[in-house]
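Below you'll find the structure, written out as structure tokens, and then a few comments.
As a basis for the values below, the full set of heavy atoms in this structure was taken, side chains included, without hydrogen atoms, waters or symmetry mates. Residues: numbered from 1 along the sequence shown. Note that the structure is a prediction, hence the values are computed from the model and not measured.
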Amino acid sequence: FSTRDHGWPISDCTAEGLKACLGMGGLLNVGIDVGMMLPIERMRDAVDVILSFQNSNGGCATYENTRSFEALELINPAETFGDIIVDYSYVECTSACM
């Protein structure tokens with residue numbers, strides 16, 4: 001659920017996009033034409049991406065797994081934006097991926 005040019009799928013956007021595709025597929029079962037369905041291979045890829053975002057604490061990060069240490073935040077040059085060096089688990093991403 002990202003473009004080839006973008007190349008960085010985002011956990012909650014991928015999860016919400018997959019949920020929308022599955023919901024639209026349900027409309028086909030009641031005879032409502034929703035247009036062309038997303039190929040099943042693409043949906044499987046979305047599930048694989050969503051599962052790959054799960055951290056060891058059970059939560060999901062935005063772009064990538066938490067792979068570093070919180071101490072790296074000490075070298076963050078942007079005082080305005082805290083906690084941006086390490087991609088932590090977020091409740092919004094985790095709930096969308098569940």
Side-chain angles (χ1 to χ4, degrees):
F1 293 111
S2 179
T3 64
R4 193 176 308 266
D5 293 333
H6 180 261
W8 282 55
I10 302 167
S11 61
D12 57 337
C13 296
T14 303
E16 295 293 341
L18 178 61
K19 185 167 65 172
C21 287
L22 293 172
M24 295 299 280
L27 293 176
L28 288 172
N29 294 333
V30 293
I32 299 174
D33 183 20
V34 293
M36 196 168 115
M37 285 297 298
L38 194 67
I40 192 72
E41 297 83 25
R42 193 93 188 264
M43 289 192 224
R44 285 186 184 130
D45 289 343
V47 170
D48 289 343
V49 166
I50 292 166
L51 291 175
S52 75
F53 279 121
Q54 188 171 20
N55 286 318
S56 59
N57 64 3
C60 293
T62 53
Y63 290 100
E64 61 186 4
N65 290 354
T66 303
R67 298 179 294 185
S68 194
F69 303 100
E70 199 170 331
L72 276 180
E73 298 292 353
L74 295 173
I75 62 170
N76 179 1
E79 292 181 13
T80 306
F81 306 105
D83 298 333
I84 62 168
I85 302 294
V86 179
D87 202 4
Y88 300 99
S89 293
Y90 295 98
V91 68
E92 298 88 351
C93 297
T94 305
S95 66
C97 291
M98 295 297 290

(request) Could you identify which residues cluster with F53, counting Ile, Leu, Val, Met, Phe, Trp and Tyr as linked when any side-chain heavy atoms lie under 4.5 Å apart, either directly or through a chain of such contacts? (result) V49
(request) Please tell me if the side chains of L38 and M24 come closer than 4.5 Å, counting only heavy atoms from C-beta onward. (result) no
(request) Find the distance between CD1 (I10) and CD1 (I50) and round it off to the nearest 0.5 Å. (result) 12.5 Å
(request) Report the residues that fulfil side-chain contact (heavy atoms from CB on, under 4.5 Å) with I40, sequence neighbours left out, ordered by chain and then residue number. (result) R44
Indicate every side-chain donor-acceptor pair of residues 90-98 with a distance under 3.5 Å to a residue at least two apart or in another chain.
residue	atom	partner	partner atom	Å
T94	OG1	C60	N	2.8
T94	OG1	Y90	O	2.8
S95	OG	V91	O	3.1
S95	OG	E92	O	3.1

(message) Please check: side-chain N/O of N55 versus main-chain N/O of Y88, any donor-acceptor pairing under 3.5 Å?
(response) no
(message) Given 3.5 Å as the limit, does a donor-acceptor pair link the side chain of T14 with the main chain of A46, or not?
(response) no
(message) Which residues pass the salt bridge (charged side-chain N to carboxylate O under 4.0 Å, His left out) test with R67, not counting sequence neighbours?
(response) E64
(message) Test of understanding: with side-chain hydrogen bond (donor to acceptor under 3.5 Å, both in side chains), list the residues that count as partners of D87, not counting sequence neighbours.
(response) T62
(request) Please name all residues satisfying side-chain hydrogen bond (donor to acceptor under 3.5 Å, both in side chains) with D48, sequence neighbours left out, ordered by chain then number. (result) none
